[in-house]
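The analysis underlying the following values was restricted to heavy atoms, covering all of them including side chains, and did not include hydrogens, waters or symmetry mates.
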Amino acid sequence: MRTAAPAPAPKAFTGLLAYADSGPAAGSATTIGLMAYDRSGAEGIPDGLRTALQKCTAYEGGPPAGTTATTATAPDAGDDAVAFRLQTQGDSEDAVVVVRSGATVVLFYTASGTGSSADVPEALVSAQVKKLKQA
């Protein structure tokens, strides 16, 4: 999910980038990936992530090298949500939230770029999920 290439692959994908230019998150950037599935495919993504996070807590090699993954508290958003954090040696901690709303899975990946830990902005998650429900 970190590379926005989940298995199974979505039927369609589009990506956006949002920058925080004020407040405590100023300087952070959030990648937003909207992935379209059939309903059963979308329903399997959050559970697959939970399973992967239990089995894989760290990985080496390739950029980024020496990364640990830890589960985080998922927002109350959409039909199902999973959150985790990625800490790469010598870098700030990144935050990932994945929300399923119907047959759409949304990836939010925030990197701080400021040297401090990142957080996925709750307002961004809420606004995007609200748009999906209206569509």
Between [Y] and [X], is there a side-chain heavy-atom distance shorter than 4.5 Å?
X: V105; Y: P10; result: no
X: T51; Y: L53; result: no
X: K11; Y: D38; result: yes
X: V99; Y: V125; result: yes
X: Q87; Y: D94; result: no
X: I32; Y: V106; result: yes
X: S28; Y: D119; result: no
X: V96; Y: L107; result: yes

Roughly how far apart are [X] [atom1] and [Y] [atom2], rounded to 0.5 Å?
X: E93; Y: R85; atom1: CD; atom2: CZ; value: 4.0 Å
X: Q54; Y: T71; atom1: CD; atom2: OG1; value: 8.5 Å
X: T31; Y: L16; atom1: OG1; atom2: CG; value: 9.5 Å

Is there a path of hydrophobic side-chain contacts, each under 4.5 Å between heavy atoms of I/L/V/M/F/W/Y residues, joining [Y] to [X]?
X: L132; Y: Y37; result: no
X: I45; Y: F13; result: yes
X: L86; Y: V98; result: yes
X: F108; Y: L49; result: no

- Message: Check this for me, if you would: do K133 and D79 make a salt bridge, where the nitrogen-to-carboxylate-oxygen distance has to be below 4.0 angstrom?
- Response: no
- Query: Does the distance from a Lys or Arg side-chain N to an Asp or Glu carboxylate O, for R100 and D47, drop under 4.0 Å?
  - Reply: no
List the atom of [X], the atom of [Y], and the distance in Å for their closest heavy-atom pair.
X: A18; Y: L124; result: CB-CD2, 4.2 Å
X: A81; Y: A77; result: CB-O, 4.0 Å
X: A83; Y: A74; result: CB-CA, 3.7 Å

- Look at the side chain of Y109 and the backbone N and O of V97, then say whether any donor-acceptor pair between them is shorter than 3.5 Å. no
